[in-house]
Amino acid sequence: NIRELFASIVIDESVLDDFLDRLEAFHISILEGNELDIQWMLIDSQQEANKEAASGQEQRVVAQCKLGSWFQFATDGRQYSCRVVARNRELDFIVLVNYSGARVAALSFQEVEAALTSGQLKPLTLQSNLSDKVGELSQFLETQIININNQLEIKEKASRRRQVLERLEESRRERLEIKKSKREAEKRAKEIERQQLRQERIHEQEQWLNKVGAGSTFVHHEMDDQIMQFALRLRNSGKMVFVDKKGVKVGEWLADELAELMIDGKVELLTSRQSNEQALEQIVANQRNQRRDIGVGA
């Protein structure tokens with residue numbers, strides 16, 4: 001049966017009916033004895049089947065991949081939201097671009113159908129896109145919350161560290177201030193003690209000068225080592241008058257002034273009247289002793 005023969009071949013029904021009509025007309029012409037100028041050719045049923053399958057594939061791809069349609073395309077481990085900007089039925093390919101218009105991929109109809117079947121290429125409907133965007137937004141918010149918490153923790157640690165460093169720095173400054181105040185206090189105490197000691201020495205030297213007698217010899221180092229002798233003490237002012245070897249006055253000072261000069265090393269005592277008298281008394285005593293010894297020996 002011819003119909004049973006062609007039933008195993010997947011072709012379009014209208015094409016099959018047209019072929020059978022023409023075949024029936026051909027048989028009638030043969031039975032009537034008509035000569036027909038007909039050229040026979042061999043048709044590869046598998047090739048026709050492939051053509052029909054390709055045609056069906058093209059129709060499915062064209063139906064799903066309309067111009068401007070949006071898809072979720074997965075490639076190289078990344079997800080792209082892209083749309084169809086070109087669809088060429090003659091060259092058998094479509095072009096996908098992203099939001100900014102950059103080309104994502106150019107796929108043949110066969111690759112498109114395989115991608116649609118495997119889920120590599122998914123149509124983006126309002127519901128699916130909304131669900132995906134909500135999922136992405138939820139994941140993004142979770143990530144942002146984690147990042148914010150991490151940043152807050154880092155800032156809190158940095159703040160605590162800064163506070164500790166500030167307290168340490170403040171403590172260090174306080175210790176330095178205490179040490180500085182202590183050094184200054186010790187310095188002031190030493191200076192006060194030095195001044196007190198100096199005043200005590202000046203006072204002692206002043207008391208000695210008030211008792212020193214005329215004839216004591218001094219040297220003034222700031223007056224070119226001037227040798228001067230204490231001549232007299234003025235009654236009203238109490239100043240001590242000094243003269244040189246010729247008896248010419250070289251200066252006069254109060255006892256406390258001269259004592260301060262002596263403590264500072266500017267004036268120095270050479271000999272005092274008491275020491276001169278003691279030396280003379282010693283010489284006289286020695287001479288007396290020598291005479292007494294001579295008389296005894298005679």
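Taking both residues in full, the closest heavy atoms of Ala231 and Ala214 are given as O-CB, 3.3 Å, listed atom of the first, atom of the second, then distance. Taking all atoms of both residues into account, the shortest heavy-atom contact from Val97 to Val104 is C-CG2, 3.8 Å. Taking each heavy atom of Gly238 and Arg233 in turn, the nearest pair found is O-CG, 3.7 Å. Here the closest heavy-atom approach between residue Ala74 and residue Gln79 is recorded as CB-NE2, 3.4 Å.
Separating the CG atom in Leu121 from the CG atom in Leu116 is a distance of 4.5 Å, to the nearest 0.5 Å. Of the inter-residue distances, the one linking Lys180 atom NZ with Arg173 atom CZ reads 13.5 Å to the nearest 0.5 angstrom. Atom OG of Ser108 sits about 12.5 Å away from atom CG of Asn88, to the nearest 0.5 Å. With rounding to the nearest 0.5 angstrom, the CG atom of Leu258 is 12.0 Å from the CD atom of Glu252. Distance check, rounded to the nearest 0.5 Å: CG of Asn98 to SG of Cys82 gives 8.0 Å. The CG atom of Leu165 sits 12.0 Å away from atom CZ of Arg172, with the distance rounded to the nearest 0.5 Å.
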Val250/Met228 under side chain to side chain contact (heavy atoms under 4.5 Å, CB included): CA gap, chis, key distance, verdict
CA-CA 7 Å; Val250 295; Met228 55 188 186; 3.7 Å; yes
Report the C-alpha separation of Glu191 and Arg194 in whole Å, then their side-chain angles, then the decisive distance to 0.1 Å, and conclude whether the salt bridge (charged side-chain N to carboxylate O under 4.0 Å, His left out) test is met.
CA-CA 5 Å; Glu191 181 64 21; Arg194 189 181 67 81; 2.7 Å; yes
Give the C-alpha distance, both sets of side-chain angles, the deciding distance and a yes or no for side chain to side chain contact (heavy atoms under 4.5 Å, CB included) between Thr217 and Ile227.
CA-CA 7 Å; Thr217 305; Ile227 303 297; 3.6 Å; yes
Hey, mind stepping through Cys65 and Phe71 against side chain to side chain contact (heavy atoms under 4.5 Å, CB included) and telling me if it holds?
CA-CA 9 Å; Cys65 300; Phe71 292 88; 3.8 Å; yes
Check the pair Lys190, Glu193 against salt bridge (charged side-chain N to carboxylate O under 4.0 Å, His left out), reporting the backbone distance first and the verdict last.
CA-CA 5 Å; Lys190 290 181 180 180; Glu193 183 180 0; over 6 Å; no
Would you sort out whether Leu96 and Leu107 count as a side chain to side chain contact (heavy atoms under 4.5 Å, CB included), showing the intermediate values?
CA-CA 8 Å; Leu96 301 174; Leu107 305 174; 4.2 Å; yes
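Taking the side chain as every heavy atom from C-beta outward, Gln226 and Phe218 never approach each other to under 4.5 Å. Inter-residue side-chain proximity for Gln229 and Ser216 is flagged as unmet; no heavy-atom pair is nearer than 4.5 Å. Looking at Tyr99 and Trp70, their side chains come closer than 4.5 Å, going by heavy atoms from C-beta outward. Proximity of Phe93 to Phe109: side-chain heavy atoms (C-beta onward) are nowhere separated by under 4.5 Å. Counting heavy atoms from C-beta outward, Leu67 and Val85 have side chains that stay 4.5 Å or more apart. Considering only heavy atoms from C-beta on, Glu268 comes within 4.5 Å of His221 through its side chain. Side chains of Val241 and Lys249 form a contact here, defined as non-hydrogen atoms less than 4.5 Å apart. Using a 4.5 Å heavy-atom cutoff, the side chains of Arg103 and Val95 are in contact.
Aromatic ring orientation, Phe230 versus Phe242: tilted (interplanar angle from 30° to 60°).
The closest donor-acceptor contact from the side chain of Ser181 to the backbone of Glu177 lies under 3.5 Å. A distance-only check finds no donor-acceptor pair linking the side chain of Asp76 to the backbone of Arg78 [under 3.5 Å]. No donor-acceptor pair closer than 3.5 Å links the side chain of Ser159 to the backbone N or O of Lys155. Panel note: side chain Glu257, backbone Leu254; a donor-acceptor pair is recorded below 3.5 Å. Panel note: side chain Ser69, backbone Lys66; a donor-acceptor pair is recorded below 3.5 Å.
Exactly one residue among His220, Lys239, Met240 makes a side chain to side chain contact (heavy atoms under 4.5 Å, CB included) with Trp253. That residue is His220. When each of Asn150, Ile145, Leu152 is paired with Ile148, the side chain to side chain contact (heavy atoms under 4.5 Å, CB included) condition holds for Leu152 and for no other.
A donor-acceptor contact closer than 3.5 angstrom is absent between the side chains of Gln199 and His203. Remark: the Ser171 side chain and the Arg175 side chain contain an N/O donor-acceptor pair separated by less than 3.5 Å. With hydrogens and angles left out, the side-chain atoms of Thr75 and Gln120 include no donor and acceptor closer than 3.5 Å. No side-chain donor from either of Gln196 and Glu200 sits under 3.5 Å from a side-chain acceptor of the other.
Listed by chain and residue number, Arg198 satisfy the side chain to side chain donor-acceptor pair (under 3.5 Å) test with Glu260 (two or more places apart in sequence, or in another chain).
Both Met223 and Met262 are part of a single hydrophobic cluster, where members link through side-chain heavy atoms under 4.5 Å apart. Tracing side-chain contacts under 4.5 Å through hydrophobic residues (I, L, V, M, F, W, Y), one never reaches Ile202 starting from Leu261; they form parts of separate clusters. In terms of hydrophobic clustering, with Ile, Leu, Val, Met, Phe, Trp and Tyr side chains grouped at heavy-atom distances under 4.5 Å, Leu209 and Ile263 are assigned to different clusters. In terms of hydrophobic clustering, with Ile, Leu, Val, Met, Phe, Trp and Tyr side chains grouped at heavy-atom distances under 4.5 Å, Leu234 and Val243 are assigned to different clusters.
Atom CZ of Arg160 has more than 12 neighbouring heavy atoms from other residues, nucleotides or ligands inside a 6.0 Å radius. Dense packing is recorded around CD of Glu169, with more than 12 heavy atoms of other residues, nucleotides or ligands lying under 6.0 Å away.
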